Q: 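One structure, pasted below without further comment.
What you are looking at is a predicted structure, and each value in this text was computed from that prediction instead of being measured. The figures that follow rest on heavy atoms only: side chains count, while hydrogens, waters and symmetry mates do not. Just follow the structure's listing: the first ligand is 1, and inside any ligand the first atom is 1.
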Amino acid sequence: SSKYVLSALHPMWQGPLVAPGGNRQSPIDIRVRKSVFDPHLKPLTPDYDPGTCSQIWNNGYSFLVEYDDTTDKSILKGGPLEDNFRLCQFHFHWGESNAWGSEHTVDRRLFPAELHMVHWNSNKYSRFEEAVMEENGLAVIGVFLKIGKRHEGLQKLVDVLPAVRHKDSVVEFTRFDPASLLPANIDDYWTYAGSLTTPPLTEAVTWIIMKQHIEVSHDQLAVFRSLLFTSAEEEVQKSMVNNFRVQQPLRGRTVRSSFT
Ligand SMILES: CC(C)NC[C@H](O)COc1ccc(S(N)(=O)=O)cc1
Ligand SMILES: [Zn+2]
């Protein structure tokens with residue numbers, strides 16, 4: 001029987017959410033000492049073409065920077081992945097304060113925000129919507145954000161956010177290099193089998209969580225919080241904050257590490 005995944009704690013979703021099976025849900029707490037070093041894990045080899053960057057939009061839950069995924073121009077290979085995965089979008093999750101906001105945690109440590117770079121298996125499927133329903137369909141890179149020095153690469157994105165303040169607003173956004181948001185060291189990561197953290201919550205994701213975080217300034221993150229969940233027509237405007245899911249049971253899964 002399918003399990004009801006009650007994220008009643010989450011203001012965003014009304015009522016129970018059905019998660020198929022429900023034994024490999026995300027996000028999770030990564031217990032560092034319980035992770036298992038896997039010497040067979042290869043280095044991750046992202047190869048992104050900034051020319052495939054197309055638009056940025058507010059989907060009422062986060063803001064997405066979308067990439068043209070009709071060719072293999074921006075791909076992710078290596079690491080735990082056997083196949084070729086195409087970048088389709090990246091987005092973030094964040095809190096109303098710097099004390100919380102990430103979806104994954106490391107030994108219960110919360111970060112103010114978390115970046116997700118979403119890819120789908122182009123060896124096996126022909127488009128994202130198909131891959132999202134399949135076990136080995138997606139690969140998502142997670143990168144923790146900490147408050148510190150200003151992130152020069154992020155600023156181009158921060159500058160355009162006011163143009164997508166309301167739900168369903170879209171603006172053209174080109175030539176953004178997603179690799180500029182990756183930490184210097186992408187060889188050290190944890191990986192585990194999980195799910196989407198928003199509906200449809202399908203258990204289709206190979207998660208690759210970077211050990212090294214990136215730094216953004218307090219002011220840059222404050223601009224994320226100036227976005228709205230609500231569309232321009234709605235009377236009551238709601239700040240887009242706390243758009244993270246509560247942590248899910250590990251259910252016996254092993255988290256592997258690429259480092260000792
Ligand atoms: C099924 C199609 C039509 N819509 C799916 C929708 O785009 C959701 O896609 C996603 C993609 C990524 C994530 S996360 N936070 O796990 O990286 C969550 C939902
Ligand atoms: Zn996400």
Q: Ignoring hydrogens and geometry, is there a side-chain-to-backbone donor-acceptor pair from Thr191 to Trp207 under 3.5 Å?
A: yes
Q: Can you see whether Asn84 engages Ser122 through a side-chain donor-acceptor pair at a distance of less than 3.5 angstrom?
A: yes
Q: So, taking the atom named NE2 in His93 and the one named CZ in Arg245, what distance separates them when rounded to the nearest 0.5 Å?
A: 11.0 Å
Q: Does the plane of the ring in Phe90 sit parallel, tilted or perpendicular to the ring in Phe176? Use 30° and 60° as the thresholds.
A: tilted
Q: Can you check side chain to side chain contact (heavy atoms under 4.5 Å, CB included) on Ile209 and Val255, steps first, answer last?
A: CA-CA 10 Å; Ile209 308 288; Val255 176; over 6 Å; no
Q: At a 4.0 angstrom heavy-atom cut-off, what protein residues surround ligand 1?
A: Gln89, His91, His93, His116, Val118, Phe128, Glu129, Val132, Val140, Leu196, Thr197, Thr198, Pro199, Pro200, Trp207
Q: Using a 4.5 Å cut-off on heavy atoms from C-beta on, say whether the side chain of Gln25 contacts that of Glu203.
A: yes
Q: In this structure, which one of Lys211, Gln212, Arg109, His104 forms a side chain to side chain contact (heavy atoms under 4.5 Å, CB included) with Phe144?
A: His104
Q: Over 60° means perpendicular and under 30° means parallel, so tell me whether Phe63 and Trp94 are parallel, tilted or perpendicular.
A: tilted
Q: Between Tyr48 and Leu157, is there shared hydrophobic-cluster membership here, with clusters defined by ILVMFWY side-chain heavy atoms closer than 4.5 Å?
A: yes
Q: Anything protein N/O/S under 2.8 Å from the Zn ion (ligand 2)? Just list residue and atom, please.
A: His91 NE2, His93 NE2, His116 ND1
